[in-house]
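Worth knowing before you read on, the calculation uses all heavy atoms, side chains too, and leaves out hydrogens, waters and symmetry mates. Small disclaimer: the values here were computed from a predicted structure and weren't measured.
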Amino acid sequence: QVQLVQTGGGSVQAGGSLTLACSASERTFSNYAIAWFRQAPGKEREYVAVISASGFSPNYEASLKGRFNISRDNAKKTVWLQMNNLRPDDTAKYFCAAGLGFTDPSDYKYWGQGTQVTVSS
(Lines give C-alpha, C1' and ligand atoms only; values in the text may rest on other atoms or scores of the structure.)
Protein backbone atom coordinates (compact mmCIF):
# COMPACT_ATOMS: atom_id res chain seq x y z
CA GLN A 1 0.00 0.00 0.00
CA VAL A 2 1.15 3.55 -0.72
CA GLN A 3 -0.31 7.00 -0.18
CA LEU A 4 0.52 9.55 -2.86
CA VAL A 5 0.66 13.29 -2.25
CA GLN A 6 0.84 15.68 -5.16
CA THR A 7 2.35 19.14 -5.24
CA GLY A 8 2.86 21.68 -7.95
CA GLY A 9 0.48 22.77 -10.65
CA GLY A 10 -1.24 26.10 -11.00
CA SER A 11 -1.80 28.58 -13.80
CA VAL A 12 0.58 29.48 -16.60
CA GLN A 13 0.45 31.18 -19.96
CA ALA A 14 0.78 29.19 -23.16
CA GLY A 15 4.40 28.33 -23.84
CA GLY A 16 5.27 28.22 -20.16
CA SER A 17 6.41 25.33 -18.00
CA LEU A 18 5.22 23.64 -14.83
CA THR A 19 6.52 20.75 -12.78
CA LEU A 20 4.28 18.42 -10.80
CA ALA A 21 5.56 16.19 -8.00
CA CYS A 22 4.11 12.98 -6.60
CA SER A 23 5.55 11.84 -3.27
CA ALA A 24 5.05 9.12 -0.72
CA SER A 25 6.40 8.27 2.70
CA GLU A 26 6.20 4.50 2.44
CA ARG A 27 9.24 2.42 1.52
CA THR A 28 6.96 0.48 -0.79
CA PHE A 29 6.99 3.48 -3.15
CA SER A 30 10.00 2.01 -4.95
CA ASN A 31 8.02 -1.17 -5.71
CA TYR A 32 5.56 0.61 -7.97
CA ALA A 33 5.55 2.10 -11.42
CA ILE A 34 4.15 5.63 -11.24
CA ALA A 35 1.92 7.03 -13.94
CA TRP A 36 0.41 10.41 -14.60
CA PHE A 37 -3.08 10.85 -15.96
CA ARG A 38 -5.15 13.95 -16.61
CA GLN A 39 -8.81 14.72 -16.83
CA ALA A 40 -10.37 17.78 -18.40
CA PRO A 41 -13.97 18.80 -17.58
CA GLY A 42 -16.43 16.58 -19.39
CA LYS A 43 -13.73 14.24 -20.66
CA GLU A 44 -12.44 10.84 -19.62
CA ARG A 45 -9.25 10.46 -17.65
CA GLU A 46 -6.40 10.04 -20.12
CA TYR A 47 -2.91 8.64 -19.91
CA VAL A 48 0.03 11.06 -19.87
CA ALA A 49 3.20 9.17 -18.92
CA VAL A 50 4.54 6.32 -16.82
CA ILE A 51 7.91 5.43 -15.32
CA SER A 52 8.93 2.01 -14.09
CA ALA A 53 9.69 1.21 -10.46
CA SER A 54 13.41 1.33 -11.17
CA GLY A 55 13.18 4.60 -13.05
CA PHE A 56 14.03 3.16 -16.41
CA SER A 57 11.87 2.99 -19.51
CA PRO A 58 9.74 6.12 -19.26
CA ASN A 59 6.81 6.05 -21.62
CA TYR A 60 4.65 8.89 -22.89
CA GLU A 61 1.38 9.37 -24.64
CA ALA A 62 2.58 9.86 -28.19
CA SER A 63 1.33 13.42 -28.65
CA LEU A 64 3.08 14.59 -25.47
CA LYS A 65 6.50 13.11 -26.10
CA GLY A 66 9.07 15.87 -26.43
CA ARG A 67 7.14 18.36 -24.28
CA PHE A 68 6.65 16.31 -21.10
CA ASN A 69 9.35 14.54 -19.08
CA ILE A 70 8.79 12.06 -16.27
CA SER A 71 11.51 11.22 -13.77
CA ARG A 72 11.83 9.70 -10.32
CA ASP A 73 14.15 9.50 -7.35
CA ASN A 74 13.34 6.53 -5.15
CA ALA A 75 15.60 7.79 -2.38
CA LYS A 76 13.34 10.85 -2.20
CA LYS A 77 10.24 8.75 -2.87
CA THR A 78 9.21 11.26 -5.52
CA VAL A 79 8.22 11.27 -9.17
CA TRP A 80 8.15 14.47 -11.18
CA LEU A 81 6.32 15.44 -14.33
CA GLN A 82 7.99 18.35 -16.05
CA MET A 83 5.72 19.98 -18.61
CA ASN A 84 7.17 22.37 -21.17
CA ASN A 85 5.71 24.50 -23.93
CA LEU A 86 2.29 24.15 -22.36
CA ARG A 87 -0.81 24.70 -24.47
CA PRO A 88 -4.39 25.59 -23.51
CA ASP A 89 -5.48 22.03 -24.33
CA ASP A 90 -3.14 20.78 -21.59
CA THR A 91 -5.55 22.33 -19.09
CA ALA A 92 -6.82 19.55 -16.84
CA LYS A 93 -6.63 18.06 -13.39
CA TYR A 94 -3.54 15.89 -13.22
CA PHE A 95 -3.31 12.73 -11.13
CA CYS A 96 -0.44 10.44 -10.25
CA ALA A 97 -1.06 6.76 -9.62
CA ALA A 98 0.96 3.79 -8.38
CA GLY A 99 0.66 0.41 -10.05
CA LEU A 100 2.17 -2.03 -12.48
CA GLY A 101 2.92 0.39 -15.28
CA PHE A 102 0.03 0.07 -17.69
CA THR A 103 -1.64 2.96 -19.47
CA ASP A 104 -5.24 2.21 -18.48
CA PRO A 105 -6.30 4.11 -15.36
CA SER A 106 -8.46 1.19 -14.28
CA ASP A 107 -5.24 -0.76 -13.65
CA TYR A 108 -4.21 1.58 -10.84
CA LYS A 109 -5.31 1.15 -7.27
CA TYR A 110 -3.46 4.00 -5.52
CA TRP A 111 -4.03 7.62 -6.56
CA GLY A 112 -2.87 11.07 -5.60
CA GLN A 113 -5.38 13.77 -4.78
CA GLY A 114 -5.04 15.53 -8.11
CA THR A 115 -3.73 18.96 -8.95
CA GLN A 116 -5.13 21.54 -11.36
CA VAL A 117 -3.11 22.82 -14.30
CA THR A 118 -4.58 25.76 -16.20
CA VAL A 119 -2.94 27.10 -19.34
CA SER A 120 -4.19 30.40 -20.72
CA SER A 121 -3.72 31.60 -24.27
(message) F102 vs V50, test: side-chain contact (heavy atoms from CB on, under 4.5 Å). Steps then yes/no.
(response) CA-CA 8 Å; F102 301 112; V50 65; over 6 Å; no
(message) As a quick check of understanding, evaluate side-chain contact (heavy atoms from CB on, under 4.5 Å) for T78 and D73, giving each step before the final call.
(response) CA-CA 6 Å; T78 301; D73 184 334; 5.5 Å; no
(message) Apply ring-ring contact (aromatic ring centres under 6.0 Å, His included) to residues Y32 and Y110 and explain how you reach the verdict.
(response) CA-CA 10 Å; Y32 295 97; Y110 306 110; 5.7 Å; yes
(request) Just do the side-chain contact (heavy atoms from CB on, under 4.5 Å) check on Q13 and S120 with the steps written out, would you? (result) CA-CA 5 Å; Q13 289 191 326; S120 59; 3.8 Å; yes
(request) Might you work through the side-chain contact (heavy atoms from CB on, under 4.5 Å) test for L100 and D107, ending with a clear yes or no? (result) CA-CA 8 Å; L100 297 178; D107 290 323; over 6 Å; no
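Annotation for P88 and A14: closest pair CD-CB, 4.1 Å, computed over non-hydrogen atoms. Taking each heavy atom of A49 and Y60 in turn, the nearest pair found is CB-CD2, 3.7 Å. Nearest approach of A40 to A92, heavy atoms of both residues: N-CB, 3.8 Å.
Both L64 and V119 sit in one connected hydrophobic cluster of ILVMFWY residues. Membership requires side-chain heavy atoms under 4.5 Å apart, directly or through other members. Cluster annotation: Y47 is not connected to L20 through the hydrophobic network of ILVMFWY side chains, with a link wherever side-chain heavy atoms come within less than 4.5 Å.
Taking 4.5 Å as the limit, some side-chain heavy atom of V117 sits within range of a side-chain heavy atom of M83. Residues W80 and N69 are not in side-chain contact: their nearest non-hydrogen atoms beyond the backbone lie 4.5 Å or more apart. In this structure the side chain of I34 never reaches within 4.5 angstrom of the side chain of I70, judged on heavy atoms. Looking at Y108 and F37, their side chains come closer than 4.5 Å, going by heavy atoms from C-beta outward. No side-chain heavy atom of L4 sits under 4.5 Å from any side-chain heavy atom of F95.
Take D104 and apply the salt bridge (Lys or Arg N to Asp or Glu O under 4.0 Å) test, not counting sequence neighbours, and it matches no residue. In this view, E61 satisfies the salt bridge (Lys or Arg N to Asp or Glu O under 4.0 Å) rule with no residue, not counting sequence neighbours.
With hydrogens and angles left out, the side-chain atoms of T118 and T91 include no donor and acceptor closer than 3.5 Å. Side chain to side chain, N74 and R72 meet the donor-acceptor criterion of an N or O pair below 3.5 Å.
From C96, atom SG reaches atom CD of Q113 across 7.5 Å, with rounding to the nearest 0.5 Å. Remark: K93 NZ to R45 CZ distance equals 8.5 Å, nearest 0.5 Å. The SG atom of C22 sits 11.5 Å away from the CD1 atom of I51 when rounded to the nearest 0.5 Å. A distance of 11.0 Å separates CG of L86 from OG of S11, quoted to the nearest 0.5 Å.
A donor-acceptor pair is defined here as one N or O able to donate and one able to accept, closer than 3.5 Å; such a pair exists between the side chain of Q6 and the backbone of Y94. Remark: the backbone N or O of Q3 is paired with a side-chain donor or acceptor of E26 at under 3.5 angstrom. With hydrogens and angles disregarded, no donor-acceptor distance shorter than 3.5 Å links the side chain of T28 to the backbone of V2.
Summarising the local packing, CD of Q39 is surrounded by more than 12 heavy atoms from other residues, nucleotides or ligands at distances under 6.0 Å.
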